[in-house]
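Notes for the one structure printed next.
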Protein chains: 2
Amino acid sequence: MGSRVEKETPLRRDARRNREMLIAAAREIYTDQGVDAPLDDIARRAGVGSATLYRRFAGRAELIEAVFGDSLRDILRAAEEARSATDAWAGLTAYLERIFGLLAADRGTNDLMTTGIQGVPSLDALRKENHKTLDDLLGRAQEQGKVRPDATAEDLQFMLAALGRAVPGSTVAAPLAWRRYLALLLDGLRPEGSHPLPAPSLTPDQLNAAMLQLGKVRRPRTGRAD
Amino acid sequence: MGSRVEKETPLRRDARRNREMLIAAAREIYTDQGVDAPLDDIARRAGVGSATLYRRFAGRAELIEAVFGDSLRDILRAAEEARSATDAWAGLTAYLERIFGLLAADRGTNDLMTTGIQGVPSLDALRKENHKTLDDLLGRAQEQGKVRPDATAEDLQFMLAALGRAVPGSTVAAPLAWRRYLALLLDGLRPEGSHPLPAPSLTPDQLNAAMLQLGKVRRPRTGRAD
DNA sequence: CACTAACCGGGGGAATCTCTCCGGTTAGGT
DNA sequence: ACCTAACCGGAGAGATTCCCCCGGTTAGTG
């Protein structure tokens, strides 16, 4: 029941190659379909049978770990870095803009950061670090008078997850629309009055398109039904 | 291909009774599972075969219309009412709090209002009216100096959908947490400084539970997989 | 070059879900 | 009470997706 891959015997060359192909295929599919994508699709895209996928990775979580492990560690480093900012508010906004850039560009990363997926060690570490970062920056920004004193790190996390989850819907019509929404959210955190919003607002048609996407977070369904 | 029910011949008594049973069952199931719930579940709960459901309703959209038609018309009236407020900002907040109360209490209504479900006439009418309401109230609130001039009705709609979609996740742990988030969002719309937040913030544990729910918007999946 | 352990992919069982067929049953008028 | 059109529900075809079994193939070694 332990790890599927024994470190003792290095994989045979073909096995290793297939493993790489699977990770590459999974990365592509996760990026534009999210981490709930059918595993069979990934195997097909990699040009191997589904059995090979299950032989290399115990399940979805292990594949996710293999695909996103490195990039999650990168984000983790960015979080650490952000906390070293002297101006806490500047550090916070820079950090969040970086995160949202990732959420908007990569559906898989979005799933990982805006939902509670279990069983991925790197992800648990990231969540912990992320919470620590937000807590620290928010607290210091409050001390520096840049954030309203009644907001908590939990408030921020919830709002970020809610907004982040919706972002992919808007990227279809306007790739940078998230900047505007993040700015609006952050303005709600500040004690003083409003600051100008970046980027143009969505047009009504673009909004409709975005709303449509919102419902399609995952619609596997089955056959004929619309 | 027209309507499945002929108005000429009223339904036989048993047929009508089953129709009512189906609507009642659908209402219950939609309320706590959302409108993507399996139709077979609804038929089973109503105590009839799935064929009876398909005989009475052409598909999911027609059933939704039958279940939510009345309540949607109620909301529609509330929107009309809200627009008659002299103080646009007060009207807007009252309207939104009412809507969010519904979104938090009823998963089906939430799906209907935060995603772009197609094929339900009452819903199209509601969306149109809702947009008109927000546009009107926001515009007038801006003229009255209560809302920052650079925000648009589309901005508001997007943020509301994003937050509304996340609300059910928080209701498990804290039924009224949405008040706090809505207040935070609305504060971002105001030109002046911050106003006190209602309701307590989520605890870290409650936040975790909420994040977990976020991913479970719909996880039909299949068999053994976790 | 021969051998064997590791590896491979197709195919299939099981679980879900939508939607339809068909033989048996019932409501409601005469 | 009888008859017929309308109605009913179980059963199942077809579509997905997860996951594993099994006979054939291949990498790497002596």
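Just so you know, these numbers use all the heavy atoms, side chains as well, and skip hydrogens, waters and symmetry mates. Chain letters run A, B, ... following the sequence lines, proteins first and then strands; every chain starts at 1.
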With sequence neighbours excluded, tell me which residues meet side chain to side chain contact (heavy atoms under 4.5 Å, CB included) with Ala43(B). Val48(B), Ser50(B), Leu53(B)
Please list all pairs meeting ring pair (Phe, Tyr, Trp, His ring centres under 6.0 Å) that have one or both residues in residues 101-132 of chain B, counting only residues at least two apart or in different chains. none
Comparing nearest nucleotides in DNA chain D, the 5'-proximal residue of the pair Asp41(A), Arg16(B) is Arg16(B)
Salt bridge present between Arg16(B) and Glu20(B) (N-O < 4.0 angstrom): yes
Can you check the Leu39(B) CG to dC19(C) C1' distance for me, whole Å? 9 Å
Got a sec, which residues hit salt bridge (charged side-chain N to carboxylate O under 4.0 Å, His left out) with Glu80(A), two or more places apart in sequence or on another chain? none
In whole angstrom, what separates Ile42(B)'s CD1 from dT16(C)'s C1'? 15 Å
Expected list for residues 93-106 of chain A: side-chain donor-acceptor pairs under 3.5 angstrom, two or more places apart:
unit_1    : atom_1 : unit_2    : atom_2 : d
Thr93(A)  : OG1    : Trp89(A)  : O      : 3.2
Thr93(A)  : OG1    : Ala90(A)  : O      : 3.0
Tyr95(A)  : OH     : Asn130(A) : OD1    : 2.7
Asp106(A) : OD1    : Gly108(A) : N      : 2.7
Asp106(A) : OD1    : Thr109(A) : N      : 3.3
Asp106(A) : OD2    : Thr109(A) : OG1    : 3.0

What does the B/S/- profile of nucleotides 25-30 of chain C look like, 5' to 3', with a 4.0 Å heavy-atom cutoff to protein? -BSS--
Listed once per pair and sorted, the ring pair (Phe, Tyr, Trp, His ring centres under 6.0 Å) pairs that draw on residues 161-187 of chain A, sequence neighbours left out: Tyr181(A)-Phe158(B)
Is the shortest side-chain N/O distance from Asn18(A) to OP1 or OP2 of dC8(C) below 4.0 Å? yes
Can you measure Gln33(B) atom CD to dT16(C) atom C1' for me and round it to whole angstrom units? 14 Å
Interatomic distance, Phe57(B) CZ vs dT18(C) C1' [rounded to whole Å]: 17 Å
Closest-nucleotide mapping onto DNA chain C: is Gly59(B) or Val48(A) further toward the 5' terminus? I mean the 5' end. Val48(A)
Please pick, from dC8(C), dC19(C), dC8(D), the nucleotide with the shortest atom-to-atom distance to any side-chain atom of Arg56(A). dC8(C)
Protein-nucleotide distance (Asp40(A), atom CG; dC18(D), atom P), rounded to Å: 6 Å
Length of the CG-P vector between Leu63(B) and dT18(C), whole Å: 11 Å
Would you say dG9(C) has OP1 or OP2 under 4.0 Å from some side-chain N or O of Thr52(A)? yes
Is there a donor N/O on one and an acceptor N/O on the other, under 3.5 Å, for the side chain of Arg44(A) and the base of dG9(C)? no
Any side-chain N or O of Arg55(B) under 4.0 Å from OP1/OP2 of dC7(D)? no
Is there a side-chain contact between Arg60(A) and the phosphate of dC18(D), meaning an N or O under 4.0 Å from OP1 or OP2? yes
Closest nucleotide among dC7(D), dC21(C), dC19(D) to the Ala15(B) side chain: dC7(D)
Is it true that Asp124(A) and Arg127(A) have a side-chain N and a carboxylate O under 4.0 angstrom from each other? yes
When rounded to whole Å, the CG to P distance for the pair Leu53(B) and dC17(C) reads 15 Å
In this structure, how many angstroms lie between the C1' atom of dA11(D) and the OH atom of Tyr54(B), rounded? 15 Å
